[in-house]
Trainee: 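Can you keep this structure in mind? I'll have questions shortly.
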Amino acid sequence: METVIYLRLKKKVLVQCGQLLRLKDICYLVADEKWQYLQDLPIHTVDLAHGNYALIELREVIERIRQHVPQADLRNIGPLQTIVEIMTPIRIPKKLSIVLIWIFLFTGSGLAIMNFHTDVNMKEVHERIYYLVTGEKEKNPLVLQIPYSIGIGVGMILFFNHLFKKRFNEEPSPMELEMFLYQEAIDQFIIDDEKQKAERKDYDGSP
Amino acid sequence: MVLHNLLLIFLGLAGGFAVGSGFVAFITVLGIVPRLVQLSKTGKMIHLYEYGIVLGVVLFTWFDLRGWVIEAPVFITAFLGLLTGMFVGMLAAALAEVLNVLPIMVKRLHIQDYLLYILMAMALGKIFGSLFQWLIFQVW
């Protein structure tokens with residue numbers, strides 16, 4: 001009677017090229033003690049023949065388990081597929097690329113804010129504010145401009161909810177949320193795209 | 001004469017209407033107020049913030065157009081500078097966020113774990129760019 005096996009596929013797994021994926025690598029199994037050996041069931045061998053993404057569908061996993069345990073009562077409690085992402089070696093050293101990107105963004109941001117200031121004639125606005133507040137004309141109102149410059153950085157950090165390692169609360173920053181949504185969209189695209197590729201292969205029989 | 005004045009009133013009202021609604025639309029799209037509300041957990045006060053924005057716009061416009069001089073001590077301008085700078089900083093951050101460049105770049109270059117440094121680069125770059133402009137860069 002105790003033949004019910006609950007399956008929950010992992011949403012996404014990161015693997016090395018050539019790795020043999022066993023059931024436990026892509027799936028959480030809730031089952032009786034005697035079915036635990038299924039954990040080591042080989043499911044899929046990773047190769048780069050079809051790009052660095054592959055899809056393992058629940059259907060394949062069920063077929064594979066059925067071959068071993070035809071009477072098994074399989075129940076799915078998770079996603080319908082697992083995305084397999086094959087790690088490709090990165091050519092440029094990470095430290096170097098980060099330093100380069102850092103300098104790139106640093107100078108780019110600096111130039112962009114200067115362009116913005118010129119565009120909206122911020123210098124004139126500052127002189128005007130200085131005059132309206134103090135009643136004195138001043139060509140370089142640095143008392144206003146230096147705190148203003150620091151304020152720009154403070155405002156950006158506030159918006160992104162980050163101060164170096166410290167964050168102000170548990171909520172995600174807009175950037176983190178944006179990255180999450182972007183990743184979700186990519187995953188969904190891969191699922192649909194890989195399925196479509198597989199269907200086309202079935203249809204015309206080409207490899 | 002009366003006709004001229006009526007026309008001017010109409011023009012002023014129409015122009016102000018366009019600029020005001022444009023300003024509010026811009027602020028809304030960038031989502032700065034929701035961000036501040038989220039940080040401070042004061043969602044109930046949102047109407048107060050709206051009035052704050054409108055009052056600020058009207059007051060500053062009026063002071064500027066009429067040329068009213070307050071003759072306050074100089075340190076007040078430092079305070080104003082910090083506040084306006086913070087606002088511009090949030091504006092810049094929100095704009096960069098709307099354009100959605102960073103998530104794509106970070107993903108492409110496999111540097112998801114270093115997002116923090118990337119953000120710091122942008123914030124510090126803005127501070128130094130701005131300081132450079134006011135202190136050293138002089139073409140006027």
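No hydrogens, no waters, no symmetry mates; every other heavy atom, side chains included, goes into these values. Throughout, a chain's letter reflects where its sequence line sits, starting with A, and its residues are numbered from 1.
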Trainee: So for F87(B), is it side chain, backbone, both, or neither that comes closer than 4.5 Å to the heavy atoms of chain A?
Mentor: neither
Trainee: Please report the closest heavy-atom contact between T77(B) and L144(A), naming both atoms and the distance.
Mentor: O-CD1, 3.0 Å
Trainee: Check whether the ring centres of Y148(A) and H117(A) lie less than 6.0 Å apart, and answer yes or no.
Mentor: yes
Trainee: Please rank I113(A), T107(A), I129(A) by heavy-atom pairs under 4.5 Å with chain B and give me the top one.
Mentor: I113(A)
Trainee: Please check this pair: side chain of R75(A) against backbone of L7(A), looking for a donor-acceptor N/O pair closer than 3.5 Å.
Mentor: no
Trainee: Using atom types as modelled, flag every donor-acceptor pair under 3.5 Å from a side chain in residues 5-27 of chain B to any protein atom, sequence neighbours excluded.
Mentor:
unit_1	atom_1	unit_2	atom_2	d
S21(B)	OG	F17(B)	O	2.8
S21(B)	OG	A18(B)	O	3.1

Trainee: Of all of Y114(B), F75(B), F63(B), which one pairs up most often with chain A through heavy atoms under 4.5 Å apart?
Mentor: Y114(B)
Trainee: Heavy-atom cut-off 4.5 Å, strictly under: side chain, backbone, both or neither for I186(A) against chain B?
Mentor: side chain
Trainee: Output the option from I150(A), L181(A), I146(A) having the highest count of non-hydrogen pairs under 4.5 Å with chain B.
Mentor: I146(A)
Trainee: Counting N and O atoms only, with roles assigned by atom type, does the side chain of E138(A) sit under 3.5 Å from a partner on the main chain of N140(A), one being a donor and the other an acceptor?
Mentor: yes
Trainee: Side chain, backbone, both or neither: which part of T134(A) has a heavy atom under 4.5 Å from chain B?
Mentor: both
Trainee: Working to the nearest 0.5 Å, report the span between CD of Q36(A) and NZ of K24(A).
Mentor: 11.0 Å
Trainee: Side chain, backbone, both or neither: which part of Y131(A) has a non-hydrogen atom closer than 4.5 Å to chain B?
Mentor: both
Trainee: K123(A) and K139(A): which non-hydrogen atoms are nearest, and at how many Å?
Mentor: NZ-O, 3.1 Å
Trainee: Relative to chain A, which of I118(B), I76(B), L91(B) shows the most heavy atom pairs under 4.5 Å?
Mentor: I118(B)
Trainee: Using non-hydrogen atoms only, which part of A94(B) is less than 4.5 Å away from chain A: side chain, backbone, both, or neither?
Mentor: both
Trainee: Where does L142(A) contact chain B at under 4.5 Å (heavy atoms): side chain, backbone, both or neither?
Mentor: side chain
Trainee: If we define contacts as heavy-atom pairs under 4.5 Å, which of G67(B), G31(B), A123(B), A72(B) has the most with chain A?
Mentor: A72(B)
Trainee: So which heavy atom on L38(A) is nearest to which on H68(A), and how close?
Mentor: CD2-CB, 4.3 Å
